[in-house]
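Below: the structure, in structure tokens.
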Amino acid sequence: MLLAKNEKTALSLLPALANRHGLITGATGTGKTLTMQAMAQRLSSIGVPVFMADVKGDFSGIARPGGANAKVVERLKSLGVKPEFAGCPVEFWDLYGKSGLSVRATVSDMGPLLLGRMLALNETQAGVLGLVFKIADDNGLLLLDLKDLRAMLQHVGDNAAKFKTQYGNVSTSSIGAIQRGLLQLESQGAAQFFGEPMLEIADLMRVRESKGVVNVLAADRLMNSPKLYSSFLLWLLSELFEQLPEVGDPEQPKLVFFFDEAHLLFDEAPKALVEKVEQVVRLIRSKGVGVYFVTQNPLDVPESVLGQLGNRVQHALRAFTPRDQKAVKTAADTLRPNPKLKAEKVITELGVGEALVSMLDEKGRPTMVERAFIVPPASQIGPISAEERAQMMRASALLAKYEKTVDRESAYEKLSVRTEEKPVTTEKPASAGRQTQSILDAATKSAVRAIGSELGRQIIRGVLGSILGSGRRR
């Protein structure tokens with residue numbers, strides 16, 4: 001897949017090594033977005049589905065053929081590349097359900113750690129949230145949407161003394177802090193995200209007329225809630241890791257995932273979280289998934305993760321401050337040296353659409369870095385009209401599946417009808433009738449989960465799939 005070109009060399013991304021991950025970096029306005037679009041276009045053309053977050057609102061143009069941009073035509077001519085303008089099959093998604101199909105996850109599947117990150121909880125508050133999830137699990141209470149969680153928090157707070165012996169102390173002040181956090185999350189419009197029907201990973205991995213579908217997440221509004229944005233993408237990575245089977249070294253990826261504004265993933269992230277992200281990045285490639293981090297500064301990505309990103313596109317960086325100068329040096333040092341150019345100097349001289357490029361060769365080794373121009377995408381640069389987008393959304397084969405929210409019986413409904421005389425019990429059932437009910441509850445939970453082992457999984461969820469012993473959806 002031709003990615004960049006200079007006077008002497010054509011630089012390509014090899015499909016069999018596209019799941020070895022990558023990094024696209026550069027200052028604002030240097031061409032990162034078009035590089036991402038060009039790469040997504042070429043992956044789609046060979047049948048690889050793509051997921052990308054549209055943080056600026058201009059990726060929708062990938063659905064339409066290009067050709068109207070004079071600068072693109074001129075760049076293709078100067079590179080000696082024959083124009084073959086074409087669009088990609090596209091599916092639009094939106095956590096708020098406005099600019100795309102609704103993306104939902106259950107509270108239970110999101111888990112206490114990621115939810116705690118969304119709510120910016122401290123260690124004590126996060127521990128209490130974990131206890132609430134555990135009590136809900138032990139009592140067969142499904143946490144599907146935010147009203148379920150709010151009802152469960154109130155129930156645990158009201159009965160803190162009864163739960164203390166088995167689960168430990170439950171701080172009412174922490175319960176209050178979590179409730180306030182939920183109100184703030186709802187004010188940001190996040191209530192739409194939690195619930196059912198939950199997003200099925202298979203719907204992100206479709207191929208249409210031999211082209212991979214490009215899944216575009218509307219993220220321009222979502223960027224106003226950076227923790228929600230990063231936590232959602234972390235959850236999606238964990239779902240991919242947990243659900244997809246091992247495929248070894250496929251001829252091409254099953255899915256390529258672009259993580260734009262990647263610095264948000266690592267901002268204020270605890271060491272344990274960074275370690276788990278590193279593990280997932282290392283292991284998920286064996287499931288046929290390529291992850292590409294897109295950010296302004298290579299220093300935004302921890303060194304332990306940076307070392308796993310084999311395909312590199314480095315656009316221009318500015319060196320005005322000591323931190324900028326360090327970023328330039330870091331970027332240069334992580335590229336395989338080319339005796340014909342001084343990378344540290346060239347990085348500050350690159351023009352728009354120009355980059356230092358180092359792809360993996362047939363043996364998985366980084367090629368010597370080359371200075372080259374990115375070959376522009378064949379699709380339209382800039383967004384399509386709101387009317388075109390709405391028309392494509394209405395025509396989606398997935399619209400009927402995700403359009404309406406399903407609100408089945410869960411913790412909120414069960415707790416609403418319970419009386420004080422019949423509180424949630426923390427003891428083992430004694431009567432045969434209650435034993436039967438317990439068995440039925442357990443069977444129901446097991447059946448609803450999408451994945452489980454013969455011995456069952458631990459209910460306590462983790463941040464990133466089964467690496468942390470995550471329980472599956474209930």
Side-chain angles (χ1 to χ4, degrees), residues 3-4 6 11 13 18 20-40 43 50 52-56 58-59 219 223 226 229-230 233 256-267 269 274 277-278 281 290-338 341-360 366-377:
L3 180 63
N6 57 28
L11 303 167
L13 175 64
R20 300 291 183 93
H21 312 316
L23 179 69
I24 302 172
T25 52
T28 300
T30 56
K32 298 191 304 296
T33 299
L34 288 187
T35 297
M36 192 163 33
Q37 184 172 337
M39 196 176 292
L43 288 163
V50 172
M52 58 204 316
D54 185 6
V55 300
K56 297 178 182 176
D58 54 8
F59 266 135
M223 291 303 295
Y229 169 77
S230 60
L233 294 183
V256 168
F257 185 106
F258 287 93
F259 202 137
D260 202 0
E261 300 294 340
H263 67 280
L264 296 174
L265 172 59
F266 303 104
D267 279 354
V274 174
V277 172
E278 177 192 350
V281 171
V291 181
Y292 287 71
F293 294 95
V294 185
T295 187
Q296 291 190 20
N297 193 321
L299 292 176
D300 294 336
V301 181
E303 189 173 341
S304 58
V305 177
L306 201 62
Q308 300 182 55
L309 311 181
N311 297 298
R312 303 286 186 89
V313 178
Q314 176 64 62
H315 287 280
L317 289 173
R318 311 306 176 204
F320 300 128
T321 69
R323 188 177 189 276
D324 293 340
Q325 293 166 5
K326 182 179 179 182
V328 170
K329 187 175 188 311
T330 298
D333 290 346
T334 57
L335 297 168
R336 182 179 172 185
N338 183 340
L341 61 83
K342 294 182 178 180
E344 189 172 345
K345 182 175 183 294
V346 169
I347 286 175
T348 62
E349 302 173 346
L350 296 169
V352 176
E354 194 178 16
L356 291 178
V357 180
S358 176
M359 299 285 112
L360 296 176
T367 59
M368 282 194 301
V369 64
E370 294 279 355
R371 182 175 183 171
F373 284 99
I374 301 298
V375 177

Would you check if Leu350 and Leu356 make a side-chain contact, meaning some heavy-atom pair closer than 4.5 Å? yes
CD1-CE distance between Ile374 and Met36, expressed to the nearest 0.5 angstrom: 12.5 Å
Closest heavy-atom pair and its distance - Val352, Gly29: CG2-O, 3.6 Å
Would you mind reporting whether Met39 and Val50 have side-chain heavy atoms less than 4.5 Å apart? no
Main-chain N/O of Val328 paired to Asp324 side chain as donor or acceptor, under 3.5 Å: no
Is the backbone N or O of Met368 less than 3.5 Å from a side-chain atom of Ser358, with the two atoms forming a donor-acceptor pair by type? no
Taking the side chain as every heavy atom from C-beta outward, state whether Arg312 and Leu335 have any atom pair closer than 4.5 Å. yes
Taking the side chain as everything from C-beta on, heavy atoms only, tell me whether Arg336 gets closer than 4.5 Å to Val369. no
Interatomic distance, OG1@Thr28 vs CD@Gln296, rounded to 0.5 Å, equals 3.5 Å
When you compare the side chain of His263 with that of Asn297, does any pair of heavy atoms fall below 4.5 Å? no
Check for a donor-acceptor pair, side chain of Asn311 on one end and backbone N or O of His21 on the other, with a separation under 3.5 Å. yes
Can you tell me how far NE2 of His315 sits from CG of Leu34, rounded to the nearest 0.5 angstrom? 8.0 Å
To check you understand the geometry: which heavy-atom pair defines the closest contact between Tyr229 and Ala53, and what is its length? OH-CB, 3.6 Å
Angle class for the Phe293/Phe266 ring planes (parallel below 30°, perpendicular above 60°, tilted otherwise)? tilted
Sub-4.5 Å side-chain heavy-atom contact between Leu3 and Leu11: no
Work out which heavy atom in Ser304 is nearest to a heavy atom in Gln308; give both atom names and the distance. O-NE2, 3.4 Å
Could you measure the distance from the CG atom of Asp300 to the CG atom of Asp267? Nearest 0.5 Å is fine. 7.5 Å
Answer yes or no: is there a side-chain heavy-atom contact under 4.5 Å between Leu317 and Pro298? yes
Interatomic spacing from CG in Leu23 to OG1 in Thr295 - rounded to 0.5 Å: 8.0 Å
Please tell me if the side chains of Asp260 and Met52 come closer than 4.5 Å, counting only heavy atoms from C-beta onward. no
Please report the interatomic distance NZ(Lys56) to NZ(Lys32), rounded to the nearest 0.5 Å. 5.5 Å
